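One structure is given below, encoded as structure tokens.
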Amino acid sequence: MATIQRLTRSLPTTRKQVVQVPRISRLTVSNPATASQHDHLRTVHHTLQSAGVLQIQLGFPDDESTYLHKLLLNLHQHHGHGLPITHSANRGWMWDIRPSPESFQSNNTQARSETMEEFPWHTDCSYESSPPQYFALQVLQPDRCGGGTLSVLNVDELLTLLSPSTLETLFSPNFQITVPPEFVKSQADTQIVGGLLAISPETNAIKLRFREDIVVPLTNQASEALAELKSVLLGPAAHSRILNLRAKNLPRGSIILMDNGRWLHARNEVKDPDRHLRRVRWDARQFARPSAAHLGL
């Protein structure tokens, strides 16, 4: 229990008053060359480090995602971000997210994001030993029929709602996570075993990896912890902390950048068959249980 107290001492205090849903910082970019400007890069980097989420609104057409591509290369060069990761065995950095009933982008398997179905709470690449620190979504065509809402939830806020024993167990390496078929890069690596919580050695921030449909608890204690996590995610306290980003909040030309371990995200049913986003993930980091040395024990 002392370990958890050390790990969670920086979490926000749970408030009994009305919860203030966090606001997302927003930048407007009027010129593609902004992706190479040092002040802009510094703002993007520090906002992601401090808040873990940022919205950028492009003031110019960019269906090829040229600005986003240059931004990530410059964050790598000037601020030490890792380069984007490939999505699968046969896909590169960028992944188009749109309903695709016939043409699948990877391993002849339809990804959940390629359907019009809702996609419950998750973090990206939770099945990787080194998940990406960040991901971005660029809106090429918003849902014009009222669907496809992106919901986000701060992990720090979520963790304050969990019991200390559940937090302790979520750090333990007692969960099996299966790689979805569309993201298998090698037939020798189709699952991993580890914890659902880790701590970043760079920032001391607690990070989460989670996607319910691919997680199997390996012990009774792990089953109880996973059940509490799922229950809290669906409960009223977590619901009051959710920020829902509808099409009017993320119009064409919007880019949302998020810290993948510090924010959960979900999507409701897509209603517009022409909805089209583009996703990229970058800066893969080892997802490891904190060591005794790191905790100062």
Side-chain angles (χ1 to χ4, degrees), residues 1-14 22 48-53 120-135 151-179 191-235 237-238 241-242 258-266 281 283-297:
M1 202 67 68
T3 299
I4 288 302
Q5 291 174 351
R6 290 188 181 91
L7 291 171
T8 60
R9 62 180 177 267
S10 61
L11 292 176
T13 302
T14 303
L48 286 175
Q49 277 201 324
S50 58
V53 61
W121 292 113
H122 64 285
T123 60
D124 279 8
C125 298
S126 59
Y127 46 82
E128 297 272 9
S129 297
S130 298
Q133 179 92 356
Y134 304 107
F135 73 91
S151 299
V152 299
L153 176 62
N154 184 272
V155 168
D156 279 354
E157 294 280 355
L158 172 66
L159 296 184
T160 65
L161 305 175
L162 299 175
S163 65
S165 61
T166 287
L167 290 171
E168 187 85 52
T169 302
L170 292 176
F171 276 102
S172 69
N174 291 318
F175 300 88
Q176 177 181 291
I177 306 173
T178 300
V179 182
Q191 63 183 35
I192 61 172
V193 174
L196 301 186
L197 290 179
I199 189 164
S200 170
E202 296 83 13
T203 64
N204 285 328
I206 298 175
K207 53 186 181 179
L208 171 71
R209 61 178 171 192
F210 179 73
R211 177 175 157 175
E212 179 184 349
D213 62 317
I214 60 174
V215 176
V216 176
L218 301 178
T219 67
N220 289 337
Q221 200 171 21
S223 294
E224 293 171 359
L226 183 59
E228 182 180 327
L229 173 60
K230 292 189 292 186
S231 176
V232 167
L233 269 173
L234 297 176
R241 292 163 166 78
I242 294 170
M258 296 182 66
D259 187 309
N260 186 45
R262 293 168 58 197
W263 287 83
L264 280 162
H265 61 288
R281 302 155 167 160
D283 200 16
R285 301 291 180 97
Q286 184 71 27
F287 196 94
R289 191 181 188 190
S291 66
H294 178 79
L295 296 171
L297 301 177

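We number each residue from 1, following the sequence as shown. For clarity, every value in this text was computed on a predicted model and none was experimentally measured.
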Pairwise distance [atom1]([X]) to [atom2]([Y]) - rounded to 0.5 angstrom:
X      : Y      : atom1 : atom2 : value
His265 : Asn260 : NE2   : CG    : 6.5 Å
Tyr134 : Asp259 : OH    : CG    : 5.5 Å
Phe171 : Ile199 : CZ    : CD1   : 6.0 Å
Leu229 : Ser231 : CG    : OG    : 9.5 Å
Trp121 : Leu208 : CH2   : CG    : 11.5 Å
Arg262 : Leu153 : CZ    : CG    : 13.5 Å

More than 12 heavy atoms from other groups under 6.0 Å of CD on Gln176: yes
Ile206 and its side chain to side chain contact (heavy atoms under 4.5 Å, CB included) partner, picked from Leu167, Leu159, Leu170: Leu159
Positive for side chain to side chain contact (heavy atoms under 4.5 Å, CB included) with Arg241, one of Asn154, Asp156, Leu161: Leu161
Ignoring hydrogens, what is the shortest heavy-atom contact between [X] and [Y]? Give both atom names and the distance.
X      : Y      : result
Cys125 : Pro131 : O-CB, 3.6 Å
Val53  : Met258 : CG2-CG, 3.8 Å
Ser126 : Arg211 : OG-CB, 3.7 Å
Ser130 : Ala284 : O-CB, 3.4 Å
Phe175 : Gly195 : CD1-CA, 4.2 Å
Ala238 : Leu233 : CB-O, 3.9 Å

From CA spacing to verdict: side-chain contact (heavy atoms from CB on, under 4.5 Å), Val193, Ile177: CA-CA 6 Å; Val193 174; Ile177 306 173; over 6 Å; no
Please determine, by modelled atom types, if [X] and [Y] share a side-chain donor-acceptor pair under 3.5 angstrom.
X      : Y      : answer
His122 : Asp213 : no
Ser163 : Thr166 : yes
Thr169 : Glu224 : no

Any Ile242 side-chain heavy atom under 4.5 Å of Val152 side chain: no
Ile192 side chain reached by Arg209 side chain, heavy atoms, under 4.5 Å: yes
